[in-house]
Amino acid sequence: MAAAEAPEVLQQCGCKGIRTCLICEGQRCGDPPWQLSPQKTHHFLYCSDSGWAVGAEDSDFEGWAFPFPGVTLIEDFVTREEEAEMVRLMDRDPWKLSQSGRRKQDYGPRVNFRKQKLKMAGFCGLPSFSREVVQRMGLYPGLEGFQPVEQCNLDYCPERGSAIDPHLDDAWLWGERLVSLNLLSPTVVSMHREAAGSLLLCAAPSAEALGDSVIAPSRSVPCQEVEVAIPIPCRSLLVLAGAARHQWTHAIHRRHIEARRVCATFRELSAEFSPGGAQQDLGRELLQMALSFQGRPV
């Protein structure tokens, strides 16, 4: 008689609270909480050439648009060979389970954002393979003087149902520019704004009309009903600043992860930790450690 098969060991995940992934959803009954949140009604597509968000085709707002400042997209920031080498070096170190089906590697201080406290224990800098990438960033307009003090690598996989909820990055420790390098597969970053009020729309500008004066608003749409999709090609660099950093949350929906995706996000220090700020000495120490490029995941 054949030996009985060993019981299957359920794979663990890093989800907590209302966040779920395909792994833990398979062990639960009922609809997962992420399916219960309201979906945005009106969809716009960010156009990197114009810097405007344009109404989706075949929608109520096709042909209408509004300015969407604070987004910079740099395509082909790294080569295919550089991409493959970066991911190979990341995979040499362990990935930690994270929420919503992600895995992560952190290179930065341990931070309690609620209590606004941090610890440097274990932090020994950004990884060595990021040195050239960071130096290259400073060559682009809008990234002059960018000195990251933290790098977070996130691994997304469709088999785990990876996603990230709409959120604003902390502004107590992290500064004006958020910089993300997208590797292995393209994706879409979805922007939302929960503020009351409406967005004023104009007729979508043509390439010839971009230099003309702003057209008077002709329609409006409630902010809370709008989602702006930013397509992110593979090997591109996304920079969020200004309104896109502080007024619009950013998210990645599960449906936009169709293959393995690795994202390296770099964050700079806020004014409080920069020269002239109340914690400039701690900021100097953090930055000196970060830019030694001797780090391992903490």
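The model shown is predicted, which means the values in this text are computed figures rather than measured ones.
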Return the OG to CG distance between Ser48 and Leu238, rounded to the nearest 0.5 Å.
11.0 Å

For Tyr140, which residues count as a ring pair (Phe, Tyr, Trp, His ring centres under 6.0 Å) partner, sequence neighbours excluded?
Phe77

Which atom pairs, donor and acceptor, lie under 3.5 Å between side-chain atoms of residues 122-133 and protein residues at least two apart or in another chain?
from: Ser130; atom 1: OG; to: Gln151; atom 2: OE1; distance (Å): 2.7
from: Ser130; atom 1: OG; to: Gln151; atom 2: NE2; distance (Å): 3.4
from: Glu132; atom 1: OE2; to: Arg136; atom 2: NH2; distance (Å): 3.1

Can any side-chain N or O of Lys16 pair as donor or acceptor with the backbone N or O of Ser98 at less than 3.5 Å?
no

Evaluation steps, side-chain contact (heavy atoms from CB on, under 4.5 Å), between Val188 and Ile230:
CA-CA 5 Å; Val188 175; Ile230 306 177; 5.8 Å; no

Would you find a donor on one side and an acceptor on the other, under 3.5 Å apart, between the side chain of Glu82 and the backbone of Val78?
no

What's the spacing between Leu240 CG and Met191 CE if we round to 0.5 Å?
5.0 Å

Let me see the working for Tyr156 and Ile164 under side-chain contact (heavy atoms from CB on, under 4.5 Å), right down to the final yes or no.
CA-CA 9 Å; Tyr156 292 75; Ile164 192 165; 3.7 Å; yes

Sidechain N-carboxylate O distance under 4.0 Å for Asp155, Lys104:
no

Please list, chain by chain and in numerical order, all residues satisfying side chain to side chain donor-acceptor pair (under 3.5 Å) with Glu85, sequence neighbours excluded.
Arg88

Can you name the residues that form a ring pair (Phe, Tyr, Trp, His ring centres under 6.0 Å) with His43, not counting sequence neighbours?
none

For Glu194, enumerate each residue passing the salt bridge (Lys or Arg N to Asp or Glu O under 4.0 Å) test, keeping only those at least two apart in sequence or located in another chain.
Lys40

Taking His250 for the side chain and Ser190 for the main chain, is one N or O donor matched with an acceptor at less than 3.5 Å?
no

Does the side chain to side chain donor-acceptor pair (under 3.5 Å) test come out yes or no for Gln224 and Arg193, once each step is laid out?
CA-CA 6 Å; Gln224 297 179 359; Arg193 188 173 180 181; over 6 Å; no

Verify the neighbour count for atom CD of Gln288: are there more than 12 heavy atoms of other residues, nucleotides or ligands below 6.0 Å?
no

Taken to the nearest 0.5 Å, the spacing of Leu118 CG from Leu282 CG works out to 5.0 Å

Which residue is it: Arg254, His253, Glu258? I am looking for the one with a side chain to side chain contact (heavy atoms under 4.5 Å, CB included) to His256.
His253

What residues, two or more places apart in sequence or in another chain, satisfy side chain to side chain donor-acceptor pair (under 3.5 Å) together with Arg261?
Asn182

More than 12 heavy atoms of other residues, nucleotides or ligands under 6.0 Å from CZ of Arg110: is that the case?
no

Contacts of type side chain to side chain donor-acceptor pair (under 3.5 Å), residue Asn112, not counting sequence neighbours:
none

Set of salt bridge (Lys or Arg N to Asp or Glu O under 4.0 Å) partners for Asp91, sequence neighbours left out:
Arg260

Atom pair OG (Ser236) and CG (Asp76), whose distance is rounded to the nearest 0.5 Å
8.0 Å

Could you see if Val71 belongs to whatever hydrophobic cluster contains Leu181? Use Ile, Leu, Val, Met, Phe, Trp, Tyr and a side-chain cutoff under 4.5 Å.
no

Set out, in order, the CA-CA distance, both residues' side-chain angles and the distance that settles side-chain contact (heavy atoms from CB on, under 4.5 Å) for Met289 and Leu286, then state yes or no.
CA-CA 5 Å; Met289 180 64 72; Leu286 285 167; 5.9 Å; no

Is the backbone of Cys157 close enough, under 3.5 Å, to the side chain of Ser162 for a donor and an acceptor to pair up by distance?
yes

Pairing residues for Phe44 by the ring pair (Phe, Tyr, Trp, His ring centres under 6.0 Å) criterion, not counting sequence neighbours
Phe61, Phe66

Just by distance, do the side chain of Arg19 and the backbone of Gly14 share a donor-acceptor pair under 3.5 Å?
no

Atom pair OG/CG of Ser270 and Asp170 - distance to nearest 0.5 Å
8.0 Å

Report yes if the distance between the aromatic ring centroids of Phe273 and Trp172 is under 6.0 Å, otherwise no.
yes

Is a side-chain N or O of Arg284 found less than 3.5 angstrom from the main chain of Ser274, in a donor-acceptor match?
no

Name all residues meeting the ring pair (Phe, Tyr, Trp, His ring centres under 6.0 Å) criterion together with Trp95; count only those two or more places apart in sequence or in a different chain, and write none if there are none.
none

Can you list the residues that meet the side chain to side chain donor-acceptor pair (under 3.5 Å) rule with Arg235, with sequence neighbours excluded?
Glu83

Please collect all ring-ring contact (aromatic ring centres under 6.0 Å, His included) contacts where either partner lies in residues 219-248, sequence neighbours excluded, each pair once.
Phe68-Trp248

Rounded to the nearest 0.5 Å, how far apart are SG of Cys152 and OH of Tyr107?
10.5 Å

Atom CD of residue position Glu144 - does it have more than 12 heavy atoms of other residues, nucleotides or ligands inside 6.0 Å?
yes

